[in-house]
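Here's the structure we're looking at; comments come further down.
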Amino acid sequence: MLLNERLYKSLYRIRRAEEEIGKIYPTDKIKSPVHLSIGQEAISVGVCEALRPDDVVFGTYRGHAMYMAKGGNLNAMVAEMYGKETGCTSGKGGSMHLVDPDAGVMGTSAVVGTTIANAAGTAYALKLKKSDQVVVSFFGDGASEEGVFAETLNFAALKQLPIIFVCENNGYAIHTSQCKRQGRPEIAARAEAYGIPSTVIEGNDCLKLYDATTSAVESIRSGGGPVFFEAQTYRWREHVGPNEDFHLGFRDPAERQPWVENDEVARIGALLPDADRVAIEAEIEAEVAAAIEFAEQSSFPPASELMTYVYATEYATPSAAAPVKKAA
Ligand SMILES: Cc1ncc(C[n+]2csc(CCOP(=O)(O)OP(=O)(O)O)c2C)c(N)n1
Ligand SMILES: [Mg+2]
């Protein structure tokens with residue numbers, strides 16, 4: 001498959017899956033909050049298409065795009081949102097905690113910033129094992145305000161870890177714009193200060209992201225250290241949920257307009273011959289419909305599953321081996 005076809009297939013798949021999830025959400029069939037990536041798909045797609053299947057990614061609660069772009073199983077993602085036992089964490093994690101190790105999707109988290117350190121830890125392990133796998137850490141502009149961001153960048157630069165940091169800068173953390181939160185809004189410049197080569201990638205541009213990732217991966221596989229991208233983008237819908245949020249008054253529809261006009265899904269689709277584009281769309285429509293049907297038909301976990309995987313079982317019975325001493 002040609003690159004443009006692969007990019008379009010992935011972009012269209014994410015857009016359509018999320019649009020359908022957004023329609024189902026108000027029915028309450030989906031048992032977890034959903035943070036849609038609509039408008040931001042180009043970042044995950046551009047980056048992940050330049051990776052190998054055995055490269056690994058970590059992301060955030062706004063992680064559907066990353067999960068799907070890296071090849072995560074769509075049936076298991078939708079079933080996870082429904083809370084069904086066929087979900088990718090057996091219905092226990094919901095939309096914010098997606099994982100598919102077979103596809104290199106190592107996890108997403110509701111806790112802002114956490115997976116930045118998880119990703120660097122994995123990169124350190126891979127470096128010690130002399131593997132040539134690359135790790136990508138996706139996170140938002142808001143996460144760059146967390147202490148773990150600074151600590152991890154310092155460590156990654158020090159140890160020259162095989163990691164690409166991808167800051168998805170959509171200009172907002174919930175309802176607060178970046179300029180009201182950060183004294184120096186150039187996030188890439190902050191990464192550069194740690195000694196990490198950093199690039200701002202403008203305009204939500206899938207092909208620019210693909211090219212930048214291809215070069216970064218090449219450099220890392222031949223022994224180079226971390227690379228940082230600040231990828232500019234825009235969230236079309238509300239922070240959490242399928243609706244719009246302009247009525248809240250913190251942003252204006254005019255701000256979104258140019259992003260909608262330059263929609264990457266439509267832009268990359270227009271690069272394909274009509275017949276090829278239509279065939280891809282038909283295939284994806286069937287796949288999305290089948291994933292929803294799979295989730296609908298799956299069962300909820302039995303009640304006996306309630307406490308499984310809550311604590312690590314090998315450490316769950318310390319009392320017999322080592323009674324806890326009472327404080328004097
Ligand atoms: C450690 C932590 N602090 C605060 C929150 C509450 N919170 C949830 S999302 C969010 C905004 C994060 O914004 P950003 O990183 O830019 O990601 P975006 O939602 O824009 O993709 C905050 C503060 C949280 N989940 N975890
Ligand atoms: Mg943000």
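Model, not experiment: these values are computed from the prediction. Counting convention: from 1, in listed order, for ligands and their atoms alike.
Of the heavy atoms in Arg235, none comes closer than 4.0 Å to ligand 1. At a 4.0 Å heavy-atom cut-off, ligand 1 does not touch Ser144 at all. The backbone of Tyr172, and not its side chain, has at least one atom closer than 4.0 Å to an atom of ligand 1 (non-hydrogen atoms only; backbone = N, CA, C, O). Residue Val112 touches ligand 1 through backbone and side chain together, judged by heavy-atom distances below 4.0 Å.
Note on ring orientation: taking the six-membered ring where Trp is involved, the planes of Trp259 and Tyr234 are parallel (angle under 30°, cut-offs 30° and 60°).
Using 4.0 Å as the threshold, Ala143 has a heavy atom nearer than that to some atom of ligand 1.
Between the OD1 atom of Asn170 and the O atom of Tyr172, the angle centred on the Mg ion (ligand 2) amounts to 90° when rounded to 10°.
Backbone or side-chain N, O or S atoms of Gln178 do not reach the Mg ion (ligand 2) at under 2.8 Å.
Annotation: Phe228 is not in aromatic contact with Tyr194 [ring centroid separation under 6.0 Å not met].
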Kindly determine whether Phe300 and Tyr82 satisfy ring pair (Phe, Tyr, Trp, His ring centres under 6.0 Å), including the steps that lead there.
-> CA-CA 8 Å; Phe300 286 110; Tyr82 273 67; 8.4 Å; no
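If you look at Asp141 and ask which of its N, O or S atoms sits nearest the Mg ion (ligand 2), the answer is OD1.
Thr89 pairs in a side-chain contact (heavy atoms from CB on, under 4.5 Å) with only one of the listed residues (Val99, Asp100, Leu98), which is Val99.
Within the 4.0 angstrom cut-off, atom 6 (C) of ligand 1 has no protein heavy-atom neighbours.
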